[in-house]
Amino acid sequence: MNFFLETIQVLLLSIWYNVESFIHLFVPTKKKNISGEVVLITGAGSGIGRLMAQEFAALDTVLVLWDINQEGMKETARLVKQGGTRVHYYLCDCSDRNEVYRVADQVKREVGDVSILVNNAGIVTGKKFMDAPDSLIEKTVEVNTMAHFWTYKAFLPAMIANNHGHLVSIASSAGLIGVNGLADYCASKFGAVGFAESVGLELLATGKDGVKTTIVCPYFINTGMFDGCQTKWPTLLPILNPDYVAKKIINAVLTDQVFLLLPKSMYFIAAFKNLLPMKQGILLGQYLGAFNLMDTFKGRSKKQE
């Protein structure tokens, strides 16, 4: 194809994709049916993981729960079983590659191939970079980033073979914009976003368009993980309600939405970051309170964990 024809094709498709996007503002995208799909959720013992499990259970899926919190998983399993959902739970430290592979093999033997993988497990140190112990920095990257590599390695081959599946990465708005006091967390979430986006492109480039990807980048969620943090402008950047976030994530999966940013103002903030001069971007960050978000951080208590 020559330069002229290829350029015309890109222009025409660009116009159509923008028209299509505009139409979807008024006409909801058709939701897919995931009844019978095997859904694996890491970090399913509490918070968003538990809420997503309940949402997926309502859609007649088979649930596989992973967490390091045995009691939390048992409670999640009990809640979803009330609706008659088939559920399995496994103790798994997602930061340990060998353990991920071992438990993944057990899941494949006992349950079958996972067709929807939700990488949700995450941790935060809440310490400034120079105050954070090396071991905590390594653990943050291992849980928030590297675990995604190992779960993909374990479960993606079957999805590719069937050209069917869905990869969900619960990342963070801190994976799009740096935040003062969250250097290790931001690095881990930037890595998770970049990894998920790149694998999604690999799948498209190899013709495996039946394997979908959804990357979720929410602001702080009221699950206890960021207890103590305060938002400067709660109308513009509210601390998010966990039930609301869980429902939005499930809707994004059902409509094959690639990126989900919450709240909606994050779409504009992320765009401004790349468009504005650096000094103006820093000024905007100060105005939005990004320099002081972690000043009152307490984090999740042992009881909450």
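Just so you know, these numbers use all the heavy atoms, side chains as well, and skip hydrogens, waters and symmetry mates.
In this model, a donor atom of one side chain and an acceptor atom of the other lie less than 3.5 Å apart for Ser115 and Glu37. Side-chain polar atoms of Thr42 and Asn120 form no donor-acceptor pair below 3.5 angstrom. A donor-acceptor pair shorter than 3.5 Å can be found between the side chains of Thr231 and Tyr219.
Glu75 meets the side chain to side chain contact (heavy atoms under 4.5 Å, CB included) test with Arg50, Arg78, Leu79; sequence neighbours excluded. Contacts of Phe149 classified as ring-ring contact (aromatic ring centres under 6.0 Å, His included), with partners at least two apart in sequence or in another chain: Phe195. Applying the salt bridge (charged side-chain N to carboxylate O under 4.0 Å, His left out) test to Lys273 and every residue at least two apart in sequence or in another chain returns nothing. The side chain to side chain contact (heavy atoms under 4.5 Å, CB included) search around Lys74 returns Gln70, Glu71, Tyr89, not counting sequence neighbours. Under the side chain to side chain contact (heavy atoms under 4.5 Å, CB included) criterion, Asn292 pairs with Asp295, sequence neighbours left out. Remark: Phe56 pairs with no residue by the ring-ring contact (aromatic ring centres under 6.0 Å, His included) rule, at least two apart or across chains. Residues passing the side chain to side chain contact (heavy atoms under 4.5 Å, CB included) test with Asp60, sequence neighbours excluded: Ser35. Partners of Glu20 according to the side-chain hydrogen bond (donor to acceptor under 3.5 Å, both in side chains) rule, which considers only residues two or more places apart in sequence or in another chain, do not exist here.
For the atom pair CD (Gln54) and CD1 (Ile250), the distance works out to 11.0 Å, reported to the nearest 0.5 Å. For the atom pair CG (Leu260) and CE (Met266), the distance works out to 11.5 Å, reported to the nearest 0.5 Å. In this structure, Asp243 CG and Ile221 CD1 are separated by 11.0 Å, a value rounded to the nearest 0.5 Å. Rounded to the nearest 0.5 Å, atoms CG (Asn2) and CD (Glu6) are 8.5 Å apart. Taken from CG in Leu167 to CD1 in Ile215, the straight-line distance is 10.0 Å, to the nearest 0.5 Å. Atoms CH2 and SG, from Trp150 and Cys94 in turn, are 12.5 Å apart once rounded to the nearest 0.5 Å.
Residues Val141 and Met146 form a side-chain contact, since some pair of their non-hydrogen atoms from C-beta on lies under 4.5 Å apart. Looking only at side-chain heavy atoms (C-beta outward), Ile116 and Ile34 come within less than 4.5 Å of each other. Side-chain atoms of Asn180 and Met294, non-hydrogen and from C-beta on, never get closer than 4.5 Å to each other. By the 4.5 Å heavy-atom criterion applied to side chains, Phe129 and Ile137 are counted as neighbours. Two residues are said to be in side-chain contact when any heavy atoms from C-beta on lie closer than 4.5 Å; Ile8 and Leu12 meet this criterion. You'll find the side chain of Ile177 reaches within 4.5 Å of the side chain of Ile269, heavy atoms only. Between Val216 and Pro218 there is a side-chain heavy-atom pair separated by less than 4.5 Å. The side-chain heavy atoms of Val39 and Ile41, taken from C-beta on, include a pair separated by under 4.5 Å.
The cluster map of Ile, Leu, Val, Met, Phe, Trp and Tyr, joined by side-chain heavy atoms under 4.5 Å apart, puts Leu136 and Val143 in different clusters. A continuous path of ILVMFWY side-chain contacts below 4.5 Å connects Val111 to Leu40, so both sit in one hydrophobic cluster. Follow the hydrophobic side-chain contacts under 4.5 Å out from Phe268 and you reach Val179 in the same cluster. A continuous path of hydrophobic side-chain contacts links Leu254 to Val118 [ILVMFWY only; heavy atoms under 4.5 Å].
Using a 4.0 Å cut-off between a side-chain N of Lys or Arg and a carboxylate O of Asp or Glu, Lys108 and Asp113 do not qualify as a salt bridge.
What you find for Leu51 and Ala246 is that their closest heavy atoms are CB-CB, 3.7 Å. The two residues Ala57 and Leu63 come nearest to each other via the heavy atoms CB-CD1, 3.9 Å. Scanning all heavy atoms of the two residues, the minimum distance from Ser46 to Asp67 falls at N-OD2, 4.3 Å. Minimum heavy-atom separation, Lys189 to Ser172: CG-CB, 3.8 Å. The heavy-atom pair separating Gly210 from Asn163 by the smallest distance is N-OD1, 2.9 Å. Of all heavy-atom pairs between Asn144 and Ala192, the closest is O-CB, 3.6 Å.
With side-chain heavy atoms closer than 4.5 Å counting as contact, directly or through intermediates, Leu275 stands alone and belongs to no larger hydrophobic cluster.
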**OP:** Given salt bridge (Lys or Arg N to Asp or Glu O under 4.0 Å), test Lys139 with Asp93 step by step and report yes or no.
**Re:** CA-CA 11 Å; Lys139 195 68 173 179; Asp93 179 356; 3.5 Å; yes
Original post:
For Ile249 and Val245, what are the C-alpha separation, side-chain angles and deciding distance, and is it a side-chain contact (heavy atoms from CB on, under 4.5 Å)?
Top reply: CA-CA 6 Å; Ile249 293 170; Val245 175; 3.7 Å; yes
Original post:
Is there a side-chain contact (heavy atoms from CB on, under 4.5 Å) between Val62 and His88 once you walk through the steps?
Top reply: CA-CA 8 Å; Val62 177; His88 308 259; 4.3 Å; yes
Original post:
Can you check side-chain contact (heavy atoms from CB on, under 4.5 Å) on Thr214 and His166, steps first, answer last?
Top reply: CA-CA 8 Å; Thr214 294; His166 206 124; 2.8 Å; yes
**OP:** Check the pair Tyr185, Phe226 against ring pair (Phe, Tyr, Trp, His ring centres under 6.0 Å), reporting the backbone distance first and the verdict last.
**Re:** CA-CA 12 Å; Tyr185 184 79; Phe226 284 94; 5.4 Å; yes
**OP:** Could you walk me through whether Val64 and Val38 pass side-chain contact (heavy atoms from CB on, under 4.5 Å), step by step?
**Re:** CA-CA 7 Å; Val64 178; Val38 177; 3.9 Å; yes
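Annotation: side chain to side chain donor-acceptor pair (under 3.5 Å) contacts involving residues 193-204, sequence neighbours excluded, are absent.
Under the 3.5 Å distance criterion, the side-chain polar atoms of Asp96 are matched with a main-chain donor or acceptor of Asn98. Using a distance-only test at 3.5 Å, with no hydrogens or angles considered, a donor-acceptor pair links the side chain of Asn18 to the main chain of Ser14. A donor-acceptor pair is defined here as one N or O able to donate and one able to accept, closer than 3.5 Å; no such pair exists between the side chain of Lys264 and the backbone of Leu261.
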Scan the side chains in residues 232-240 for donor-acceptor partners under 3.5 Å anywhere in the protein, sequence neighbours excluded, and list what turns up.
residue	atom	partner	partner atom	Å
Lys232	NZ	Tyr287	O	3.1
Trp233	NE1	Tyr287	O	2.6

Tabulate below the donor-acceptor pairs under 3.5 Å that side-chain atoms of residues 151-160 make, not counting sequence neighbours, or state none.
residue	atom	partner	partner atom	Å
Thr151	OG1	Asn119	OD1	2.9
Thr151	OG1	Asn119	ND2	3.1
Thr151	OG1	Ala147	O	3.2
Thr151	OG1	His148	O	3.2

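Between Tyr90 and the choices Glu110, Glu99, Gln106, the side-chain hydrogen bond (donor to acceptor under 3.5 Å, both in side chains) rule is met once, by Glu110.
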